[in-house]
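Accompanying notes for the structure given below.
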Amino acid sequence: MNPTDAEAICRLSATQTAALIRSRELSPVEVTDAVLDRIDAVDGDLGAFCTPTPDLARATARRIADDIAAGRETGPLAGVPLGVKDLISTKGIRTTSGSHAYADFVPDEDDIVVERSVAAGAVVLGKTNATEFGYSATGHNPLFPVTRNPWDLDRTPGGSSAGSAAAVAAGLGPVALGSDGGGSVRVPAALCGIFGFKASMGRVPVYPGCRDERYPGVSGWESVEHIGPLTRTVADAALMLSVLAGPDPRDRHSIPCADVDWTRRRPTGPLRIAYSPDLGRVAVDPEVRRVADEAARVFEKDLGAEVDRIDLQLPDYSTAFGAIVAAETDLTGMRAMADRLGPAMSPHLATLVRTPWTAEQFTDANLVRKAVVNRVARLMSTYDLILTPTTSVAAFPVGVQGPELIDGRMVPTDHWTSFTPLANLTGQPAASLPAGRTRGGLPVGVQLIGRHLADGALLDVCAAYEEAAPWRDAWPTAV
């Protein structure tokens with residue numbers, strides 16, 4: 001490694017960066033300076049960071065460099081640059097949730113995942129842009145300039161972890177934290193051509209996000225929300241999860257992780273995969289379907305898996321998922337916020353909170369969720385994994401919620417995200433893997449859903465696929 005080659009430093013994975021810093025071939029200061037210089041150079045066009053913290057990053061890098069020079073113990077992320085989604089609390093750093101309601105809000109505590117990342121030596125680069133309170137799968141909010149896709153600046157990076165995905169894809173740090181209540185890690189990972197992982201419900205504790213009742217908008221989605229890493233390699237996601245996972249008393253859903261060796265990969269053995277390119281009901285762009293079919297063939301021919309193309313026979317959970325989100329939203333607080341903000345609140349969010357929801361809609365949604373969970377549990381007694389496209393389209397133009405026409409069908413504007421909420425409803429581990437590109441050069445991802453609590457096994461399969469169909473050398477063309 002030539003320590004003066006800033007572009008090469010920015011292309012390093014987190015595992016490579018950490019190893020070179022440990023061996024003193026690179027210093028945390030050199031790495032941080034290289035990434036901050038790249039942010040200065042390209043983020044004006046990209047819009048990945050809404051609140052950069054360069055002074056904090058450089059001070060942290062200097063402190064870690066001093067610790068290394070003095071022979072003091074450092075953590076597994078020592079010197080690794082990290083972006084943090086703006087929905088995730090950061091002590092002393094503005095956290096707006098993409099809303100005018102929190103434009104000047106500075107938390108007095110870190111989220112658990114930030115606390116653990118910093119303790120492990122990560123260098124926080126700043127906050128990455130997100131949709132307002134995460135209630136959208138795109139990259140725009142009322143507060144900041146739109147985040148754009150590093151493969152095509154006229155297109156969305158997906159969301160709601162828009163800035164985190166765009167930053168990692170563009171080399172503005174090797175890893176970033178995102179949150180995933182219905183696909184908000186996996187969707188932007190797919191559209192930006194990187195890896196996104198949502199662990200099983202409870203593996204990665206969440207607090208204060210979704211748990212602190214004082215903050216309308218911030219306190220929703222409790223039964224479906226996860227926090228996970230966006231990375232350029234499977235190994236980097238595993239490294240991050242080794243730091244993030246494990247129970248915490250502040251999250252009543254959190255669970256032990258002693259059964260998972262996050263960073264040790266094992267041979268996958270014989271696999272049986274249920275492949276559903278459309279869930280039997282979802283409109284899918286032909287280019288996305290083509291790439292997903294090619295990924296299924298990689299699993300079958302290169303990894304020796306038995307791949308059955310099936311209709312999962314699931315009830316349509318799209319309406320139920322929306323009702324569950326609404327039921328876990330502070331409707332009283334959010335309606336007051338909508339009245340106060342008026343047109344300064346995202347229109348789709350104002351519509352959701354002002355809807356006159358009924359008790360029957362909420363209880364019906366819970367019954368649909370139970371039917372989905374039970375059907376998938378029976379399915380997973382036969383199959384090791386479910387394979388689908390991550391999204392039904394590749395990146396589309398910025399400024400809209402989604403396409404209204406897919407493969408000749410008129411659809412709701414959120415239809416393109418139909419695949420990802422499944423794993424949030426069931427709580428199973430799920431990942432989005434780069435699987436190829438459209439003929440126009442846009443990334444396409446496929447989703448793998450593992451068995452309940454089989455996080456390590458899912459990472460094993462993802463690593464095997466990455467080896468069979470490597471993607472890390474693909475680099476965005478627009479930045």
Side-chain angles (χ1 to χ4, degrees), residues 1 7-20 80 149-151 157 165-176 185-186 188-197 228-241 262-269 271 273 275 287-288 290-305 307 385 387-391 394-395 430-448 450 456-479:
M1 165 56 60
E7 182 177 347
I9 290 173
C10 291
R11 287 178 180 246
L12 291 172
S13 68
T15 52
Q16 289 172 322
T17 300
L20 289 167
V80 174
N149 194 307
W151 290 85
V168 170
L172 312 185
V175 291
V185 162
R186 289 160 287 152
L191 267 57
C192 290
I194 61 173
F195 183 68
F197 193 88
L230 291 118
T231 65
R232 294 195 292 270
T233 70
V234 176
D236 282 3
L239 174 63
M240 287 299 298
L241 288 162
W262 294 104
T263 57
R264 182 184 175 193
R265 301 278 63 82
R266 295 173 174 82
T268 57
L271 296 170
I273 298 175
Y275 172 44
E287 283 285 272
V288 170
R290 173 184 61 79
V291 174
D293 285 347
E294 290 171 357
R297 284 192 287 272
V298 170
F299 281 105
E300 193 168 36
K301 294 183 178 179
D302 296 327
L303 301 183
V307 178
L385 299 153
L387 172 66
T388 73
T390 307
T391 62
S432 180
L433 303 88
R437 290 193 287 281
T438 67
R439 290 184 174 89
L442 295 173
V444 175
V446 292
Q447 175 179 235
L448 274 182
L458 178 57
L459 282 168
D460 291 340
V461 177
C462 291
Y465 181 87
E466 181 183 22
E467 184 175 351
W471 61 72
R472 66 165 297 169
D473 290 334
W475 196 250
T477 53
V479 289

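A quick note: this is a predicted structure, and the numbers were derived from the prediction, not measured.
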Heavy atoms of Ala395 and Asn149 approach each other most closely as CB-ND2, 3.6 Å
- Item | Contact check, side chains of Cys192 and Pro157, non-hydrogen atoms, under 4.5 Å | yes
- What do the steps show when you test Phe197 against Leu458 for side-chain contact (heavy atoms from CB on, under 4.5 Å), and what is the final call? CA-CA 10 Å; Phe197 193 88; Leu458 178 57; 3.6 Å; yes
Residues at least two apart in sequence or cross-chain that pass side chain to side chain donor-acceptor pair (under 3.5 Å) with Asp302, listed by chain then number, are none
Applying salt bridge (Lys or Arg N to Asp or Glu O under 4.0 Å) to Arg290 and not counting sequence neighbours gives Glu287, Glu294
Arg265 meets the salt bridge (Lys or Arg N to Asp or Glu O under 4.0 Å) criterion, sequence neighbours left out, with Asp460
Exercise. Before giving the answer on side-chain contact (heavy atoms from CB on, under 4.5 Å), spell out for Leu20 and Leu12 the whole-Å C-alpha distance, their side-chain angles and the decisive distance to 0.1 Å.
Key: CA-CA 10 Å; Leu20 289 167; Leu12 291 172; 3.8 Å; yes
Ala170 meets the side chain to side chain contact (heavy atoms under 4.5 Å, CB included) criterion, sequence neighbours left out, with Leu46, Pro150, Leu172, Val479
In this structure, CG of Asp473 is separated from CZ of Arg11 (nearest 0.5 Å) by 8.5 Å
Across all chains, not counting sequence neighbours, the side chain to side chain contact (heavy atoms under 4.5 Å, CB included) partners of Ala14 are Val80, Pro174, Val175, Asp236, Leu239
By side chain to side chain contact (heavy atoms under 4.5 Å, CB included), Ala305 pairs with (sequence neighbours left out) Leu271, Ile273, Phe299, Val307
Considering only distance and modelled atom types, tabulate donor-acceptor pairs under 3.5 Å from the side chains of residues 461-472, sequence neighbours left out.
from	atom 1	to	atom 2	distance (Å)
Glu466	OE1	Val234	N	3.4
Trp471	NE1	Arg232	O	2.9
Arg472	NH2	Gln16	OE1	3.2

In terms of heavy-atom contacts, Ala165 and Pro188 come closest through CB-CB, 3.4 Å
Nearest heavy-atom approach of Thr231 to Thr233 is OG1-O, 2.7 Å
Shortest non-hydrogen pair, Val288 vs Pro389, comes out as CG1-CB, 3.9 Å
Note: Leu442 and Ala394 closest approach over all heavy atoms is CB-CB, 4.0 Å
Next on the checklist: Tell me whether Arg266 at atom CZ has more than 12 heavy atoms from other residues, nucleotides or ligands lying less than 6.0 Å away.
Outcome noted: yes
Note: Thr263 and Ala238 closest approach over all heavy atoms is CG2-O, 3.8 Å
Residues passing the side chain to side chain donor-acceptor pair (under 3.5 Å) test with Thr17, sequence neighbours excluded, are none
Margin query: Do Thr477 and Trp151 have side chains that approach each other closer than 4.5 Å (heavy atoms only, starting at C-beta)?
Written below: yes
By side chain to side chain contact (heavy atoms under 4.5 Å, CB included), Ala189 pairs with (sequence neighbours left out) Ile194, Leu230, Ser432
